[in-house]
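Worksheet for the structure shown next.
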Amino acid sequence: MKDKLDQENLINEIINIYKQKLLIYKQILKLTKEQQQAIEKKEWQNLKQIIEDKEKKINNIEKLEAQLISYKRQLAQQNNLQLDAKEFKEIIENIYQIMHQINKLEKDNQEQIINQKNKVQKKMQDINAGLNINRAYDGAVNNYEGKFIDNKK
């Protein structure tokens, strides 16, 4: 009977970890949407904080994944496992759907960042071209001195 309780506890722990992962993925999705808004509004400091928050969430997922692997190994070692996979399947499907949404938003965000970078580079090139033109004209005026030549001597 003790093995059965251990199996049930392991299954419950695995399900709880998947639920925790699902919550974290939902938080990452929310942060990714905030990231998209920060990019659009050019709020770079806010963007930096959002990215740091996302990294913390990803680290939490990695820790949960390590626990999950351990529990799955223990569960696999036990015999005669009877598992109702319906709740399990729903949680995993939700996780994959959210991961897909996050992936799509991340790609969109990367494209926006690249577009913003290209716009800034173009502006910098235009500014540099303007400065070069100004230097050319300013330099031409400043390089010549007026001289008087007396031809009557």
Open item on the list: Testing the basics here: between I28 and I102, what is the closest heavy-atom pair and its distance to 0.1 Å?
Closed with: CG2-CD1, 3.6 Å
Task: Value rounded to 0.5 Å, distance of CG in N109 from NZ in K107 - done: 12.5 Å
- [ ] State the CD1-CG distance between I95 and L23, to the nearest 0.5 angstrom.
- [x] 9.5 Å
Open item on the list: Restricting to non-hydrogen atoms, name the atom on Y25 and the atom on I98 that form the minimum distance, rounded to 0.1 Å.
Closed with: O-CG2, 3.4 Å
Task: I114 and N118, any side-chain heavy atoms less than 4.5 Å apart - done: yes
Task: Nearest-0.5 Å distance, CD of residue Q67 to NZ of residue K63 - done: 10.0 Å
Open item on the list: In this structure, would I50 and I24 fall into the same cluster of hydrophobic residues linked by side-chain contacts under 4.5 Å?
Closed with: no
Task: More than 12 heavy atoms of other groups within 6.0 Å of Q45 CD - done: no
Open item on the list: Once side-chain hydrogen bond (donor to acceptor under 3.5 Å, both in side chains) is applied, do any residues pair with D126, and if so which ones, sequence neighbours excluded?
Closed with: K122
- [ ] Could you pull out the closest heavy-atom pair between Q36 and Q112, with the gap in Å?
- [x] O-OE1, 3.7 Å
Open item on the list: Between E90 and N94, do the side chains contain a donor N or O and an acceptor N or O under 3.5 Å apart?
Closed with: no
TODO: Of all the heavy-atom pairs spanning I17 and L64, show the shortest one and how long it is.
DONE: CG2-O, 3.6 Å
TODO: For K30, check side-chain hydrogen bond (donor to acceptor under 3.5 Å, both in side chains) against everything at least two apart and list the hits.
DONE: none
Open item on the list: Quick one: does any side-chain atom of N16 pair with a main-chain N or O of N12 as donor and acceptor, under 3.5 Å?
Closed with: yes
TODO: Please list, chain by chain and in numerical order, all residues satisfying side-chain hydrogen bond (donor to acceptor under 3.5 Å, both in side chains) with E43, sequence neighbours excluded.
DONE: N46
Task: Shared hydrophobic cluster, Y96 / I15 (ILVMFWY, side-chain heavy atoms < 4.5 Å) - done: yes
Open item on the list: Holding to side-chain hydrogen bond (donor to acceptor under 3.5 Å, both in side chains), I want the full list of residues that pass it with E65, two or more places apart in sequence or in another chain.
Closed with: K21
- [ ] Please tell me if the side chains of K123 and V120 come closer than 4.5 Å, counting only heavy atoms from C-beta onward.
- [x] no
Open item on the list: Can you list everything that forms a side chain to side chain contact (heavy atoms under 4.5 Å, CB included) with I51? Sequence neighbours excluded, please.
Closed with: Q35, L47, E55
TODO: Nearest 0.5 Å please: distance from the NZ atom of K104 over to the CG atom of L29.
DONE: 11.5 Å
TODO: Start with the C-alpha gap between N9 and E13, add the side-chain angles, then the distance that decides, and say whether side chain to side chain donor-acceptor pair (under 3.5 Å) holds.
DONE: CA-CA 6 Å; N9 286 336; E13 286 297 320; over 6 Å; no
TODO: Go through the structure and list residues passing ring pair (Phe, Tyr, Trp, His ring centres under 6.0 Å) with Y18, not counting sequence neighbours.
DONE: F88
TODO: Output the distance between atom CH2 (W44) and atom CD1 (I113), rounded to the nearest 0.5 Å.
DONE: 4.5 Å
- [ ] Could you grab the distance from atom CD1 of I58 to atom CG of L31, nearest 0.5 Å is fine?
- [x] 9.5 Å
